[in-house]
Amino acid sequence: MDIKSIFVIALGLESWWPRKTYYHGTHAVIVVMDCTDRARITLIKDQLFRLLRHEDRQHFVILVFANKQDIKDAKTLAEITDALSLRCIKTHDWHIQACVHSPDTHCTMV
Ligand SMILES: Nc1nc2c(ncn2[C@@H]2O[C@H](COP(=O)(O)OP(=O)(O)OP(=O)(O)O)[C@@H](O)[C@H]2O)c(=O)[nH]1
């Protein structure tokens with residue numbers, strides 16, 4: 001796949017969504033989850049499903065980075081998969097990847 005455009009979900013970004021030029025032609029959506037932040041999971045799920053419902057965004061793939069997996073009370077991959085209802089997504093390919101960010105390595109897959 002020739003990926004030309006990636007859309008990253010971050011809290012607060014929804015104010016940009018009405019601007020069609022911002023996401024037009026998006027090929028991949030990356031969701032970066034803070035797995036220790038239980039309060040925001042529902043909000044992120046809502047944002048993701050809002051994107052999925054949008055008629056202009058039919059052909060992107062979804063990559064969820066489950067970050068902060070080194071922290072003891074972080075939600076596991078299975079818990080994040082359930083909390084985001086990823087298995088309900090039948091119209092788009094998706095993948096969830098555990099990772100840890102550190103200033104030295106920037107991002108380590110675990
Ligand atoms: N242990 C650990 N710390 C991390 C990881 N990723 C980020 N941090 C640290 O967590 C702190 C907050 O970083 P983030 O959660 O990315 O910051 P943020 O999303 O802008 O902050 P909030 O919006 O307030 O949650 C920083 O000190 C980061 O270095 C990780 O995978 N593991």
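Whatever order the structure lists them in is the order used to number ligands and atoms, beginning at 1.
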Against heavy atoms of [X], which atoms of ligand 1 measure under 4.0 Å?
X   : result
D34 : 15 (O)
I71 : 1 (N), 2 (C)
R40 : 22 (P), 23 (O), 25 (O)

Quick one: does ligand 1 sit under 4.0 Å from the side chain of D37, the backbone, both or neither, non-hydrogen atoms only? neither
One residue to check: V100. Relative to ligand 1, which of side chain, backbone, both or neither has a non-hydrogen atom less than 4.0 Å away? both
Give me the nearest non-hydrogen protein atom to [atom] as residue plus atom name, then the distance to 0.1 Å.
atom                    : result
atom 6 (N) of ligand 1  : N67 ND2, 3.0 Å
atom 1 (N) of ligand 1  : D70 OD2, 2.9 Å
atom 30 (C) of ligand 1 : H101 O, 3.2 Å

Is [atom] in close reach of the protein, with a heavy atom under 4.0 Å away?
atom                    : value
atom 16 (O) of ligand 1 : no
atom 21 (O) of ligand 1 : no
atom 24 (O) of ligand 1 : no
atom 27 (O) of ligand 1 : no
atom 32 (N) of ligand 1 : yes

Closer than 3.5 angstrom, by distance alone: can the side chain of T76 be matched with the main-chain N or O of E79 as a donor-acceptor pair? yes
Backbone N or O of H101 within a donor-acceptor pair of the N67 side chain at under 3.5 Å? yes
Would you say W94 ends up clustered with L77 if hydrophobic residues are merged whenever their side chains have heavy atoms under 4.5 Å apart, either directly or through other cluster members? yes
Ignoring hydrogens and geometry beyond distance, is a side-chain donor-acceptor pair present between T36 and D34 at under 3.5 Å? yes
What I want to know is whether K68 and ligand 1 share at least one N or O pair that is separated by under 3.5 angstrom. yes
Distance-minimising heavy-atom pair for F60 and V29: CD1-CG2, 3.5 Å
Nearest heavy atoms of F49 and S85, plus distance in Å: CZ-O, 3.6 Å
Using a strict cut-off of less than 4.0 Å between a Lys/Arg side-chain nitrogen and an Asp/Glu carboxylate oxygen, indicate whether D37 and K68 qualify as a salt bridge. no
